[in-house]
Amino acid sequence: MKERGIGVLLLATALGALIALGLITYFIFQAGVPLIAKVGLWQFLSGTEWNPTAKVPKFGILPMIVGSLWLTFGSLLIGVPLGLAVAVFMVELAPPRLAVLMRPAIQLLAGIPSVIYGFIGLTLLAPLIRATLGGPGLSVLTGAIILGFMILPTIIAISEDAMRAVPLAIREGAVALGSSHWQVIIGVILPAARSGIIAGVILGMGRALGETMAVIMMIGNSLNIPVSPLQPATTLTSNIGLEMAYAGGDHRQALFGTGVVLFIFIMILNALATTFVRRPATSRRSA
Amino acid sequence: MDSKIEFDHYTLAYGRDTVLNDITLSVARNAVLAVFGPAGSGKSGFLRSINRMAELEPNERHSGDIRMDGTSLFVPGVDLPALRRRAAMVFAQPVALPMSIYDNVSYGLRLSGKRERRQLDEAVERSLRAATLWDEVKDRLDSSGLNLSGGQQQRLSIARALALGPEVLLLDAPTAALDPISTGKIEDMLLDLKANYTIVIVPHSIQQAARVADAAAFFLNGSCVEYGPGNQLFVSPRDTRTEQYVTGRFG
């Protein structure tokens, strides 16, 4: 009887999570879709002007989509090489004791509140970029660099697991054929861990796309479409974060519409990540 | 006796586990040495010490010496990839890489930086012939190695090892995953190969050891219990433990 009770309890919790997800989805779409329909989907996505409080309000979110893409890919440019390098170091080069120390340190990186990251970007990196590269300092570049560090824990943890999961037999086979350590890493370990690494990158991408607080603090929140990484921009998330507090009516609905777009982006990324995680790294192996 | 490899009071441990305990024996040039014994007796550790792959294990420690052609394997600055080409290893599980037969065989050569097509062509044909696979695959070198049968894949693995131009072949139960006919082919091949190579094999049965070995060493719990010519060791072992193992009373 007790077993059964625990089972029911767990089922209820699991259902609770599913119901919460369902409700969130429903409310975002219910609140956002009517305005998208009114403006027209294409107008909404490709409009370059966002002026929700004007007499003739404009609801074009292209500047935010572009800003989000700039920032997301910029952060990947920083985070992926760095994260992969750290993961390779931890799996292949670090003495086991050092790797054991590094792992919690990197997890701690994930535990730092994003507002702190934003604070560091705002007070340390932005003035530095303003002084060395020019521009206002608060820019796509500043955001991308800090975001690149924020997504490191995700990329490192998942790539590290994937590399450790490469069967010993594959590694030994390569060593026995006279591969140097680098040839093993580049020719065998990375290709065999490829799907896991890609999954890590996609999850990091989702985190970069969804980050709000730090982005608001660093990116300058300009509604112009940035044409250089030194220019300020705005993103889907930062715009929602900044304007939701005072928005009403159509404006509020338009922000929910922005949320719908973001939601769909994230869903696509998660679906991609799941596909890559599920596909085992067997493509280079044979029985 | 002209020896190719000499173990000199060699002791190997992984962490707290002693794998090999004070081994002193020599492997004759152009002969087959069979190293046999129950699971955990140190056979693989012995094999992996010769190409220094034992060092991949965490917390590996060793003492004593191993010499090949009179030179210690442990002198500072030894080129490990080069050592592993000199003493090429074949594993129990055939490994066909997901690439053409040609690329499979030439893989190790390309790793070492050889790119010249004529050299590769020549090495591929020579190795496949030596591994008695040439006649079966010569018309389809471009097809995937994955399409070969298990026995063919193992001969492909041996060809890949031979392509490295080794002096020593280290075979870790190379027929463990194969049927009797493929096993027979590989055993026949070994007898041909010893004209040019020194072979150390961990056989997958005592019968196999008796069929292929010029010399044999019986290992138990990391120690070499008995070492001698194959016909003596299998027919009239001196140590009672060897006799009991050979006649199937334990192990």
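These values consider heavy atoms only, across backbone and side chains, with no hydrogens, waters or symmetry-generated copies. Letters go in sequence order (proteins before strands), and every chain restarts at 1.
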Does atom [atom1] of [X] have more than 12 heavy-atom neighbours from other groups under 6.0 Å away?
| X | atom1 | value |
| --- | --- | --- |
| B:I181 | CD1 | no |
| A:F119 | CZ | no |
| A:E3 | CD | no |

Distance check, rounded to the nearest 0.5 Å: A:R171 atom CZ versus B:L56 atom CG? 8.0 Å
List the atom of [X], the atom of [Y], and the distance in Å for their closest heavy-atom pair.
| X | Y | result |
| --- | --- | --- |
| B:M89 | A:A176 | CB-CB, 4.0 Å |
| B:R48 | A:E172 | NH1-OE2, 2.7 Å |
| A:S180 | B:P81 | CA-CG, 4.0 Å |

When the 4.5 angstrom heavy-atom criterion is applied to B:L111 and chain A, the contacting part is both
Just jot down the side-chain contact (heavy atoms from CB on, under 4.5 Å) partners of A:L82, sequence neighbours excluded, or say none.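 Only A:F149, A:L152 meet the side-chain contact (heavy atoms from CB on, under 4.5 Å) criterion with A:L82.
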For the interface with chain A, which of B:R86, B:R160, B:M53, B:R85 has the highest count of heavy-atom pairs at distances below 4.5 Å?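 The answer is B:M53.
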Side-chain heavy atoms of A:L177 within contact of B:R84, under 4.5 Å: no
By residue number, those in residues 57-64 of chain B with heavy atoms under 4.5 Å from heavy atoms of chain A are none
